[in-house]
Amino acid sequence: MRIAPKAIQTFRDDFTYSNSPGAIARFPFPFPEDEYRYSVNIEPHLTPGPEGSVYEHLFDIDEHYLSEMAERNLVLQENPKRCLAMPHMDLACWDMIERVMVAFATDYPEYFALTREGNHWIWENKLLNQRDEFTFGDSSTLPLPPMEYIGRQVQGDFALLDQREGDLFMDAGIVTCPADWSLAFDAGMSFSEWHGPVPLAHEMGVFDRALKYLVAIPVGRPVRRLNWTLTINARMDTSPETYPAWGMDRASVTPDNVGEKVYLRVELQVLDRMPRSNALMFSIRTYLISMQDLVTRPDWAKRLHRVMKTLPPELVEYKGLSRFHPTLVQWLAQFDPAN
Amino acid sequence: MSHSMFEVRVAAIEEVAPMIREFCFEPVQGSLPSFSPGSHILVEMPARPRPYRNAYSLLSDPRDARHYRIAVRLQERSRGGSRFMHEQVQCGDNLRISAPANLFAPYWPAKKHLLIAGGVGITPFLSFLPEFVRRQQNFELHYLFRSQQTGAYRDSLRQGLGQALHLYDSSQGQRCDLHALLARQSPGTHVYICGPQSLIDTVTFLAQELGWPRSCVHFETFTAAQPGQAFSVELARSGQTLAVEPEESLLEALEGAGVDLPNLCRGGVCGQCVTRVLEGAVEHRDAFLSAEEKSRQDCIMPCVSRAQGHHLKLDL
Ligand code: HEM
Ligand code: FES
């Protein structure tokens with residue numbers, strides 16, 4: 001059965017966010033092995049992927065669409081700097097508009113429609129009750145700047161990387177649900193610069209190899225990888241800008257509330273070459289699942305225990321888990337027969 | 001790689017210089033992907049006994065992707081690809097091409113762009129120029145050719161560029177003083193070279209002599225599309241022997257024979273496909289193994305690397 005968008009839930013204050021059984025079943029559990037180490041975990045994002053899975057389409061829309069769009073609106077109201085595009089990225093933003101609209105209209109025709117007569121485009125987003133007519137490529141014909149306009153209609157964060165000199169530069173993006181990094185801070189940085197804080201991986205050569213691969217991605221052959229961390233409460237916006245609002249949550253985990261407090265946060269990252277601008281689009285689609293929902297799958301519960309137990313201390317520290325990691329491992333142990 | 005090839009129809013063929021033909025492709029189905037200035041495509045030619053696959057720059061205006069145009073110079077000593085294009089391909093034929101990829105994009109923040117083209121090397125610049133004009137970039141094009149063989153598109157370039165165009169017809173003894181040309185550029189200029197290897201070598205050498213930063217010198221390379229030589233591979237455990245054709249990777253040959261290796265990137269970076277080598281020398285083409293691992297010659301990344309000689313024995 002296909003997942004349909006449901007009424008708005010919250011990712012802050014009263015945290016009404018929840019996953020249906022269908023959403024749990026399709027959760028992209030990111031651990032193929034009992035130990036997790038950094039690696040160049042990139043693979044072709046061939047679509048259509050398995051029906052109903054998060055890999056079926058270029059962009060995944062699920063039951064949280066309306067909730068995430070409402071949350072994005074709140075974040076942008078509080079801080080417009082969470083969306084930015086340097087002037088030379090205008091064409092790349094239009095590339096992204098085309099990619100999103102064409103993919104949505106093809107993959108989700110019940111929710112979206114696109115009519116194109118030359119450069120005259122008509123776009124209908126039935127989920128947000130929106131209908132716009134504009135001239136493709138002419139930013140003055142849109143109600144919002146192009147990155148914000150399209151970013152407010154698609155789940156997940158986006159960065160558009162300008163490719164120069166065999167390197168990538170973070171010159172545009174809309175980032176309202178990051179796992180503790182800041183677009184305003186990283187803006188204009190190169191691939192190895194914005195990855196600066198990541199431990200171990202630089203020395204392992206992970207980033208050098210990844211970059212070589214990324215700059216060679218051709219049009220129409222997107223690739224993907226998964227990344228993960230843990231978040232306390234179903235909070236989408238764990239950004240440095242709002243740290244005071246969520247940093248202390250980490251101290252609130254007790255053996256009794258692990259199940260409802262701790263969420264596995266998985267990012268499905270897709271890298272896709274933009275045809276006109278040669279920019280690379282990086283989409284970060286975030287999925288949250290509470291420990292109590294996760295352990296309904298005994299294989300996931302057992303594996304997560306082993307992954308957490310053997311996680312290198314550098315990663316525990318970098319991912320911000322130090323405060324509650326021992327409590328979590330102890331709690332997960334009950335699901336692992338080897339203990 | 002094969003899953004990304006799609007069919008186009010040859011809509012027109014035109015002789016644009018004595019040895020250069022232009023091919024115009026139109027979509028068989030739907031529309032063609034848009035592309036950025038400096039993009040190229042792979043064209044697969046259905047030759048016997050095995051197809052050729054060559055890379056060609058797209059030379060049309062990137063804002064108009066209704067058609068793709070490429071120019072093919074007849075290479076006397078070619079592997080056969082250019083001869084096939086000149087002699088076998090007819091208007092109305094269907095060919096398979098890849099989606100565009102770009103390894104030669106302009107560096108937009110440059111203060112000035114200095115383009116140096118040799119012969120058919122003019123082609124990638126033809127996709128730069130309309131965008132340079134639209135974005136009001138500061139540029140010069142220096143075009144070296146032999147009018148008896150090459151020199152395509154001179155008239156349309158003259159009309160469009162005026163002062164920014166400099167022509168050198170070596171059939172008439174006209175030479176370009178590359179040293180003087182580079183020496184008189186102001187800092188912040190980026191130079192782009194496309195043409196014969198000798199031209200690329202000369203310009204990069206002169207630029208280095210004159211103290212240009214390496215990052216300001218760009219040249220077109222098609223390393224991604226380099227095929228190799230045929231070789232045979234023996235699988236120690238199963239006792240099978242397979243032939244690897246020039247146009248296929250070792251990984252593809254193994255898969256074709258039902259030997260499935262772990263793989264992710266199929267581009268020599270992820271490390272998944274690493275395989276132990278028991279005999280034979282490896283031509284390493286990956287970015288995964290360290291220099292030291294490569295020199296040991298005891299493993300190979302079959303998605304990109306090949307045999308140096310005619311034979312390899314693998315621990316499979
Ligand atoms: C080009 C697109 C990419 C962008 C925009 C991007 C962005 C980021 C950012 C902003 C961070 C957080 C760094 C911080 O702590 O401030 C990060 C972390 C990381 N990135 Fe990337 N990244 C990209 C591609 C990749 C690729 C292809 C890999 C493949 C190996 C990779 C591997 C990692 C790893 C391992 C981390 C640490 C994550 C963790 O442990 O939670 N990134 N990335
Ligand atoms: S498949 Fe990634 S290195 Fe060969």
Side-chain angles (χ1 to χ4, degrees), chain A residues 32 39-47 86-92 94-95 98-99 102 106 116 118-119 136-137 162-167 169 171 188 204-226 271-280, chain B residues 1 3-6 30-42 58 61-66 98-110 131 134-135 190 213-218 223-225 262-272 286-290 301 303-304:
Chain A
S39 66
V40 186
N41 55 335
I42 316 177
E43 60 186 309
H45 187 42
L46 294 175
T47 51
M86 298 183 187
H88 65 277
M89 298 305 280
D90 203 53
L91 188 60
W94 280 99
D95 272 331
E98 179 186 50
R99 201 80 169 113
V102 171
T106 312
R116 292 186 279 184
N119 283 338
F136 185 85
D162 193 28
Q163 184 163 322
R164 315 189 287 264
E165 309 299 296
D167 205 338
F169 297 85
D171 289 352
M204 291 163 67
V206 163
F207 291 124
D208 289 343
R209 292 204 295 274
L211 180 60
K212 275 188 196 153
Y213 186 75
L214 300 186
V215 297
I217 292 176
V219 173
R221 289 182 62 200
V223 300
R224 66 170 180 243
R225 64 182 292 269
L226 295 177
L271 292 129
D272 190 21
R273 176 70 58 199
M274 296 292 97
R276 297 175 183 77
S277 58
N278 202 40
L280 200 61
Chain B
M1 178 161 280
H3 63 263
S4 65
M5 306 288 286
F6 59 92
S31 53
L32 298 169
S34 303
F35 63 96
S36 53
S39 295
H40 71 270
I41 55 172
L42 299 183
L58 292 175
D61 183 343
R63 296 284 173 109
D64 177 7
R66 281 172 302 181
S98 72
N102 197 337
L103 302 173
F104 195 50
Y107 181 75
W108 293 109
E131 203 60 32
R134 271 192 293 267
R135 298 195 193 192
H190 281 238
R214 267 193 56 148
S215 60
C216 293
V217 182
H218 312 258
T223 44
N263 66 86
L264 276 180
C265 69
R266 302 180 80 92
V269 292
C270 77
Q272 290 283 316
D286 65 277
F288 181 79
L289 299 170
S290 67
M301 312 308 295
C303 60
V304 288

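Every chain is numbered from 1 and lettered A, B, ... according to where its sequence line falls, protein lines coming before strand lines.
Of the two parts of A/Ser277, only the backbone, made up of N, CA, C and O, holds a non-hydrogen atom closer than 4.5 Å to a non-hydrogen atom of chain B. Contacts of A/Arg276 with chain B are made by both backbone and side-chain atoms, with heavy-atom separations under 4.5 Å. Interface remark: A/Val223 contributes no atoms to any contact with chain B (heavy atom separation under 4.5 Å). Within the 4.5 angstrom heavy-atom criterion, only side-chain atoms of B/Pro109, from C-beta onward, approach chain A. Both the backbone and the side chain of B/Phe288 come within less than 4.5 Å of a heavy atom in chain A.
Taking both residues in full, the closest heavy atoms of B/Ser34 and A/Pro275 are given as O-CB, 3.0 Å, listed atom of the first, atom of the second, then distance. The heavy-atom pair separating B/Ala99 from A/Val219 by the smallest distance is CB-O, 3.2 Å.
The line from CG of A/Leu91 to CZ of B/Arg63 is 5.0 Å long, rounded to the nearest 0.5 Å. The line from CD of A/Gln163 to OG of B/Ser36 is 9.0 Å long, rounded to the nearest 0.5 Å. Atoms CG and CZ, from B/Asp286 and A/Arg209 in turn, are 9.5 Å apart once rounded to the nearest 0.5 Å.
In terms of heavy-atom pairs under 4.5 Å with chain A, the best-connected choice from B/Pro100, B/Ser290, B/Pro106 is B/Pro100.
Contact annotation: the side chain of B/His190 approaches that of A/Glu165 to within less than 4.5 Å [non-hydrogen atoms, C-beta and beyond].
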